[in-house]
Amino acid sequence: MKKCGRCSKPAVLHITELRQGEVQALHLCESCAKEYLSQSPEEQESVPAGASADAEPDLDEIDHQDCPNCGISFKEFRAGGRLGCPHDYTVFEDELLPLLENIHGETEHCGKVPKRAPDSSHRQFKLIKLRTDLRAAVEDERYEEAARIRDEIQAITTNDPVGEPREV
Amino acid sequence: MDLESLTRTSGEWLRATGPESDIVMSSRIRLARNLAQYPFPARADDATRAEIEELLHGLIEQRPGGKRFNYIPVSTLEPLDRQMLVERQLISREHSETQGRRGVGISDEENVSLMVNEEDHLRMQVLHSGFALDECWAEIDRIDDAIEAEVTYAFSERLGYLTACPTNCGTGIRVSVLLHLPALVATKEIQKVFQALQKIGLAVRGLYGEGSQAMGDFYQISNQMTLGKSEVQLIKTIQDVVPNILGYERRVRTALVKENRQGLHDQVSRAYGILQNAQTISSEETMHLLSSVRMGINIGLIDDLQIPLVNELFVHTQPAHLQKIRHAKLESAERNIARAAYIRQRLAERHVDRN
Ligand SMILES: [Zn+2]
Ligand SMILES: [Zn+2]
């Protein structure tokens, strides 16, 4: 299986793009795909997939990027020292890896792995946002939307105990 | 669980039944785990925290790993009760002092505690008497498996178990041993131990005291790194180094006895005498004297007192325990009087038992 070009999780979205006359193939995991698709074409341009190594991370850029699931910014994390949700490890991966290297001297897990497919964990991060959205939709009496979100939550929670990766 | 009754009992890990328990007071392993579908506790709103607690409380009631747990909703406890749980090492100071819905499941023997909504959704800890890290790991691994069968943990293939603080991610494991090192402290050799341990990435901190100044000569040694090495490797690092420290402490004890047996005998006997007769005594002095007496028993200079009672006194003479025993809020000066009375009584009972 192809790995996500941004975070090395299994890729579920495969995009071929024509950009400045060059053919570019993108393989993205679900969360990175969501992020990619929500960006405007300019943003996609300025932050090329595969996080080019030579590009200096722009601190302002980092500070303005919030986790789509829990809303924390990297600045907030740096101020408090605690992340907001498990998905932050994907969102702030470029910034966290050097930090992890500093703390642990390593950046690859070795040891126990949950028996459940680890991939299902990654997908469930979406529930963090969906639950918040659902509560907001119910509060605002947007019932049609609430029903749609509820279906989406149900799809994830009923599919996931098996943890089979879904191909898009 | 009746918190009142805790003041009449002590945790199994204090009974000095494990290997090397003359020096190794206890072994402990804790695992940090989070559920994939929720934000970390500090970022969860009240409704979400409640949902997390309900879910994990339900699982704890199902006897994970075949163990029965008493669930205590920590957020509903009085500060004094929370402090008592800290003194017994059943919850962390942070868990006692933070805000919001949270709880802890405690096994009957008080050697396993499962904290819900601490810094992470679930903090599991197993304590054993003496040098018994393999037993700790076997037990916590089994409980972790049982819980994992019911929930999806936040996990990434690359970074392992994902935790609120990046210092814990990977294995999420903290392996520690609590050592009583009075001879190394008395001769200041302890500094060399600190330096050697820091070089191999292990942390040392004093128990009960703040910073590096340990009260009662107790030091906790634990791993700092959690990512990139397996649980078994991390445990082995500590298993390999502890026998060297034990050997060092024993050699220095033998040398102290050889050098000045009479002086040492006098010192531990005076400590014992003060504890049996004092009318008011601070927590610091109690720790200091109990440490002397504990070493005195171990090198055969005191023969009418057992280690488990001394271990228990370290815990039961702390502020929250004393106030629970007395059923009263006590100011510092009143606590010193209550503490002295309690120690006199426990040591006197000890002699009655023998006759
Ligand atoms: Zn990805
Ligand atoms: Zn987040």
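Given the structure is predicted, the values throughout are model-derived calculations rather than measurements. Computation of the quantities below employed the complete heavy-atom set of this structure, encompassing side-chain atoms and omitting hydrogens, waters and symmetry-equivalent molecules. In what follows, chains carry the letters A, B, and so on, assigned in the order in which the sequence lines appear, proteins first and then strands, with residues in each chain numbered from 1.
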Between A/Leu97, A/Leu99, A/Thr132, A/Leu96, who has the most heavy-atom pairs with chain B when the cutoff is under 4.5 Å?
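So the answer, after comparing A/Leu97, A/Leu99, A/Thr132, A/Leu96, is A/Leu97.
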Task: Contact leader toward chain B among A/Pro86, A/Gly111, A/Gly105, where contacts are heavy-atom pairs under 4.5 Å - done: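 Of A/Pro86, A/Gly111, A/Gly105, A/Pro86 has the most heavy-atom pairs under 4.5 Å with chain B.
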By a 4.5 Å heavy-atom criterion (distance strictly below it), what part of [X] contacts chain A: side chain, backbone, both, or neither?
X	answer
B/Val232	neither
B/Ala44	neither
B/Leu234	neither

Are any of the side-chain heavy atoms of [X] and [Y] separated by less than 4.5 Å?
X	Y	value
A/Ile128	B/Arg43	no
B/Phe40	A/Cys70	no
A/Tyr89	B/Thr163	yes
A/Leu100	B/Cys169	yes

- Electrostatic pair B/Asp120-A/Arg82, nearest N-O below 4.0 angstrom: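 No, this pair does not count.
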Discussion item. I need the minimum non-hydrogen distance between B/Asp145 and A/Lys112, along with the two atoms involved.
Written reply: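 Distance-wise, the nearest heavy atoms are OD1-NZ, 2.9 Å.
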- Closest non-hydrogen atom pair between B/Gly228 and A/Cys110, with its separation: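 Looks like O-CB, 3.6 Å.
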Against chain B, label [X] side chain, backbone, both or neither, depending on which of its atoms sit under 4.5 Å from a heavy atom there.
X	answer
A/Ile103	both
A/Ile72	both
A/Glu76	side chain

Between A/Glu106 and B/Lys229 (side chain of the first, backbone of the second, donor and acceptor by atom type, cut-off under 3.5 Å), is there such a pair?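 The answer is no, because no donor-acceptor pair under 3.5 Å joins these two groups.
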Residue among B/Asn34, B/Ile173, B/Thr226 with most heavy-atom pairs under 4.5 Å to chain A
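The candidate making the most pairs under 4.5 Å is B/Thr226.
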Problem set entry | Best-contacting candidate, B/Pro166, B/Gly170, B/Gly201, against chain A by heavy atom pairs under 4.5 angstrom |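 Heavy-atom pairs under 4.5 Å are most numerous for B/Pro166.
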| said: Does B/Asp46 have more than 12 heavy atoms from other residues, nucleotides or ligands lying within 6.0 Å of its CG? | reply: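 No, the 6.0 Å shell around CG holds no more than 12 heavy atoms from other groups.
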Give a yes or no on whether B/Glu54 atom CD has more than 12 heavy-atom contacts from other residues, nucleotides or ligands under 6.0 Å away.
->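 Count not over threshold, so no.
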Residues B/Thr48 and A/Arg131: side-chain donor-acceptor under 3.5 angstrom:
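Looking only at side-chain atoms, A/Arg131 and B/Thr48 do not form any donor-acceptor pair under 3.5 Å.
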For A/His109, the option from B/Leu162, B/Leu159, B/Thr171 that meets side-chain contact (heavy atoms from CB on, under 4.5 Å) |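 Output: one option passes, namely B/Thr171.
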Partners passing ring pair (Phe, Tyr, Trp, His ring centres under 6.0 Å) against B/His128 (at least two apart in sequence or in another chain):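 Partners of B/His128 by the ring pair (Phe, Tyr, Trp, His ring centres under 6.0 Å) criterion come out as none, since no residue qualifies.
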